[in-house]
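Side-chain atoms are counted along with the backbone in the values below, which use heavy atoms only and exclude waters and symmetry mates. Just so we're on the same page: letters track the sequence lines, and every chain starts at 1.
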Protein chains: 2
Amino acid sequence: MTADEADGRSPRERMVFSAAQLMRRGGVGATGMRDVVAHARAPRGSLQHYFPGGKEQLVNEAVGWAGRYAAGRVARFVAGMAEPTPSGLFAAMVGQWTDELEAVGAASGCPVAAAVVDCADASESTRTAAAAAFAAWTGPVARALTDMNVPAARAEALATLMISTVEGALLMARAEGDVRALATVARELGPLLDGAVGAVGAVDGG
Amino acid sequence: MTADEADGRSPRERMVFSAAQLMRRGGVGATGMRDVVAHARAPRGSLQHYFPGGKEQLVNEAVGWAGRYAAGRVARFVAGMAEPTPSGLFAAMVGQWTDELEAVGAASGCPVAAAVVDCADASESTRTAAAAAFAAWTGPVARALTDMNVPAARAEALATLMISTVEGALLMARAEGDVRALATVARELGPLLDGAVGAVGAVDGG
DNA sequence: CGCCGTCTATGACAGCCGTCATAGTAGCGG
DNA sequence: CCGCTACTATGACGGCTGTCATAGACGGCG
């Protein structure tokens, strides 16, 4: 999610990328269209050309991009792990945000979360886009879990738990200006996740 | 957090309450000062009288109120449970939002989360207020856990995990317009929490 | 050349925002 | 009655917002 990801792409893609980038910081409300074109170094006139649906369309596409991005990250995590475990995957997910928070100084949140907080009940389409983004994110996680011998019935539920926990911990970490919450949930939730490998019941594993 | 909590209180308190109420729906950016006084049925002129610090002060106080409110809820949960268990407390915390989402139709989020998303990097004081709110919320939860024989060393960490998970699941639930995520995390995380009772290590607790 | 679709440029618009200045009322002690 | 404090009322201000209207540039193509 660094700046070099914006190079070489079309102006249109850069605008979507920049929108997501800015939404992460100040929320949707504080992200103006003029800010987006400036950040993307794109011509202002292109806004109404590429996004005739206005800000709502731009936000929705930014949310969709974020969902695909998160899904891709999960895929790369799994591919890069020699001995994949649920706790390892979770630690990697947490680690991504830990790195960003320590690098930029807590300025970065999740654009999907921003869209939910700011638009969930004002824009039905954005709410749907956010749900789709979460689904796009949950899918690869659940698939990775089943590949690690987690029963299919629990994989999806655990994926939801992992993403919920990461989102919430990211919120707390931003508030505290410290990665403590992220580190804590990684440490506490990891063992539970590993306990689900090969188990059929809840935690009392067969 | 229903409307009757606003009755009998001073106009000033009603404004703080209304600010929190409105922030939960549309975020801080979409919450105008004029909307707040209208919702609180308070005189507009009182704004600059009670909140000379402007919107920032009002938001900060709303966040503080939300933190104290959440802490009070936890205390009441614990007091009302015949046989208190960590999973029972967590289920109660989740249940509060489940009820609200099903009642109002997913319109309600957490005002503290809204403040973090919208103001975390724009207003240092709001960021601090949000951190304080989370701390005020974490405290009673951790204390309740120690009262349930959870080792003191883990109680605080588990409280952070619980709150993170609830916040994140609430985010997902709002996006999906469904309480599924909340129900899922309650079901999946509950057993782990109970497993920490009397344990000293991680999950293998004897 | 002329035409056309894609893209860009720019200024204007109405509307809302938070804030401030100013004035006014109500109650109360003297 | 005055004076003082607490609170309310109201209109205005500059600034920013998303959106739109209009016009211009560029490049392929017949």
Side-chain angles (χ1 to χ4, degrees), chain A residues 6 8-23 25-63 111 114-115 117-126 129, chain B residues 6 8-23 25-63 111 114-115 117-126 129:
Chain A
R9 298 178 201 280
S10 74
R12 212 206 115 109
E13 285 174 296
R14 288 206 314 270
M15 285 192 254
V16 173
F17 172 83
S18 290
Q21 196 84 351
L22 294 179
M23 283 164 52
R25 306 189 200 285
V28 177
T31 301
M33 313 251 87
R34 292 164 174 86
D35 302 341
V36 172
V37 296
H39 183 276
R41 268 185 292 275
R44 181 159 90 85
S46 298
L47 261 179
Q48 65 181 305
H49 181 69
Y50 288 121
F51 307 96
K55 186 176 189 176
E56 187 171 346
Q57 179 186 356
L58 179 58
V59 169
N60 293 358
E61 296 203 21
V63 167
V117 165
D118 285 344
C119 316
D121 74 318
S123 161
E124 179 76 9
S125 74
T126 303
Chain B
R9 298 178 200 280
S10 74
R12 212 206 113 110
E13 284 174 296
R14 288 206 313 269
M15 285 192 254
V16 173
F17 172 84
S18 289
Q21 197 85 352
L22 293 179
M23 283 163 52
R25 306 189 200 287
V28 177
T31 301
M33 312 252 87
R34 292 164 174 86
D35 301 341
V36 172
V37 295
H39 182 275
R41 268 186 291 277
R44 180 158 91 84
S46 299
L47 261 179
Q48 68 181 304
H49 182 70
Y50 289 121
F51 307 96
K55 186 176 190 176
E56 187 171 347
Q57 180 186 355
L58 179 57
V59 169
N60 292 359
E61 295 204 20
V63 167
V117 165
D118 285 344
C119 316
D121 74 318
S123 160
E124 179 76 9
S125 73
T126 303

Compare all side-chain heavy atoms of B:Q57 with those of B:P52 and state whether any distance is below 4.5 angstrom.
-> yes

Between B:R14 and B:R41, is there a donor-acceptor pair closer than 3.5 Å when you use the side chain of the first and the backbone of the second?
-> yes

Between CZ of B:R44 and C1' of C:dA23 the distance, given in whole Å, is 14 Å

Whole Å only: how far is the CZ atom of A:R34 from the P atom of C:dA9?
-> 15 Å

Using atom CE of A:M33 as one end and atom C1' of C:dG15 as the other, report the distance to the nearest whole Å.
-> 17 Å

Give, for atom NZ of A:K55 and atom CG of A:L47, the distance between the pair rounded to the nearest 0.5 Å.
-> 11.0 Å

May I ask you to test the B:F17-B:E13 pair for a side-chain heavy-atom distance under 4.5 Å?
-> no

Under 4.5 Å between any side-chain heavy atoms of B:Q48 and B:R44, yes or no?
-> no

Sorted by number, residues from residues 46-55 of chain A placing a heavy atom under 4.0 Å from DNA chain C are A:S46, A:Q48, A:H49, A:Y50

Among the nucleotides C:dA12, C:dT8, C:dT19, which one has an atom lying closest to any side-chain atom of A:P11?
-> C:dT8

Could you state the atom-to-atom distance from CZ of A:R41 to C1' of C:dC7 in whole Å?
-> 20 Å

Donor-acceptor contact present, side-chain B:D118 to main-chain B:V28, <3.5 Å = yes

In whole angstrom, what separates B:D35's CG from C:dG15's P?
-> 17 Å

Atom-to-atom span, CZ of A:R12 to P of C:dT8 - whole angstrom = 12 Å

